[in-house]
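Before I ask anything, let me first share the structure, which is written out below as structure tokens.
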Amino acid sequence: MSRVLTALQPSGILHIGNYFGAIEPMVKMQDAGNENFLFAVDYHAITVPQDPEELRKNLLFAAAAYLAAGVDPVKTTLFQQSRVPQHTELAWILNCVTNMGELERMTQYKDKARGKGESVTVGLFSYPVLMAADILLYNTDIVPVGDDQKQHLELARDLAERFNKRFGETFVVPGVQIRKTGARIMALDHPENKMSKSAPSPKGFISLMDDEKTVLKKMKSAVTDSGTVIEYDESRKGLANLMTIYNLVTGKSYEEIAAAYVGKGYGDFKTDLAGHVSAFLAPMQEKISKYLADPEELKRILEEGAEKARGIAEAKMVEVRKVIGVTL
Ligand code: TYM
């Protein structure tokens, strides 16, 4: 049994990239009998401005979505990051063993800071340190994430090793788990970019709550190429991405998909794909709506998870405070 942990930002509606990159792998790890921790990182979300009412809504939506996707709060400790203050406490301590240069090299930071000049916030800069704290607090063995989080995970590993060297064995050095297919789902309208919730246009992503009509519209307008044969070819980025989504929602291999579309064009392929995506989402959407109808129950589940997480996190912090010399 391993300790498995991941987290997602409650910033806007979750999309199928988040689902296949992080949520589905977590549910699989849970069902395989591991000890799971899953949380909504609200303190990461506020590194960019958030409307407080929207944030509250997004937190409840995140909890509902995780449960609807198959997270069992008995087997998985499910909570809200800010309800476990040890995360920010450890982040401060880790800030003091992190070099500026390491954070300046983070590609996600560079992307988000581009054009902001001196007005970029300290929170956005030290965001990967808070993420390292999230992971190291729980003696995490495995972190399932999408491909875009790889560099942040490497920092968490480096910080664990550095801290252990300086203060003695304290943290488990976490392993990263990135799935083979679906670790980087691309934007439908710009297949050279990853599918993202912060994209300027909703055309690029399929939200977990998109209805049939919306999915069909987005699929129909998905960028492909002038080729005529439906086959998996990495250099045909748009089509390759759609075939990956097809594979994820139906379980059909690329060869099976290609065989089914011999002599057919993009039109048929996209219409069918939209149908498969909607059929995949429909049962989850129904469950999400059911969970959202009872916010008190969602809050109760999250608080129960936070209570459990606080116990584990505090035990780690007792150790950390002692080794760094602040416990008298
Ligand atoms: P976030 O909220 O941006 O994304 C949540 C998860 O979804 C994955 N993901 C994708 N996977 C495949 N294709 C995509 N297009 C795609 N877009 C996003 C992400 O890789 C991620 O696994 N910093 C993290 C949250 C975090 C965290 C942690 C993760 C905070 N603390 C501790 C793991 C452990 C983030 O912003 O993810």
Side-chain angles (χ1 to χ4, degrees), residues 3-27 29 36-48 50 55 58-59 61-62 65-66 69 77 79-82 84 87-88 90-91 94 103 106-109 111-112 123-124 126-138 140-157 159-160 174-199 204-208 237 240-241 244-245 248 309 313:
R3 201 170 259 190
V4 184
L5 174 148
T6 207
L8 294 91
Q9 289 195 59
S11 47
I13 296 296
L14 296 165
H15 55 68
I16 57 169
N18 301 130
Y19 176 81
F20 287 112
I23 302 177
E24 190 195 58
M26 262 323 255
V27 173
M29 293 302 268
N36 270 31
F37 291 78
L38 175 62
F39 46 105
V41 285
D42 41 7
Y43 280 165
H44 277 100
I46 62 163
T47 55
V48 295
Q50 298 287 335
L55 181 55
N58 289 338
L59 276 163
F61 178 80
Y66 305 158
T77 306
F79 61 102
Q80 186 189 339
Q81 181 192 39
S82 63
V84 185
H87 288 238
T88 38
L90 180 59
L94 293 179
L103 297 182
M106 293 288 145
T107 53
Q108 206 165 80
Y109 167 72
D111 287 346
K112 288 191 178 173
L124 194 65
S126 75
Y127 167 121
V129 182
L130 178 57
M131 177 162 163
D134 291 342
I135 297 166
L136 302 185
L137 259 185
Y138 296 93
T140 305
D141 299 304
I142 304 169
V143 186
V145 281
D147 182 63
D148 62 321
Q149 296 299 319
K150 210 158 127 193
Q151 199 185 22
H152 291 160
L153 252 299
E154 273 157 23
L155 178 75
R157 291 170 57 86
L159 292 181
V176 53
Q177 178 189 295
I178 296 177
R179 65 188 301 161
K180 261 207 208 98
T181 306
R184 191 178 192 85
I185 297 188
M186 309 310 279
L188 302 179
D189 55 347
H190 290 285
E192 63 288 353
N193 298 335
K194 69 165 188 179
M195 185 176 280
S196 159
K197 336 176 227 221
S198 50
F205 62 82
I206 304 274
S207 129
L208 294 188
K237 286 202 164 70
N241 187 44
T244 296
I245 298 172
L248 291 167

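First listed ligand is number 1; within each ligand, the first listed atom is number 1.
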Which parts of the protein, at residue level, reach under 4.0 Å of ligand 1 through a heavy atom? L5, T6, A7, L8, Q9, H15, G17, N18, G21, A22, V41, H44, Y127, M131, D134, I135, V143, V145, G146, D148, Q149, G182, A183, R184, I185, M195, K197

As a quick check of understanding, evaluate ring pair (Phe, Tyr, Trp, His ring centres under 6.0 Å) for H87 and Y138, giving each step before the final call. CA-CA 10 Å; H87 288 238; Y138 296 93; 5.5 Å; yes

Are L38 and L8 side-chain neighbours, meaning at least one heavy-atom pair lies under 4.5 Å? yes

Any non-hydrogen side-chain atom of L208 less than 4.5 Å from a side-chain atom of N18? no

Do D134 and H44 have side chains that get closer than 4.5 Å, going by heavy atoms? yes

Are the side chains of L130 and V41 in touch, meaning some heavy atoms are under 4.5 Å apart? no

Side-chain touch L5/T77, heavy atoms, less than 4.5 angstrom: no

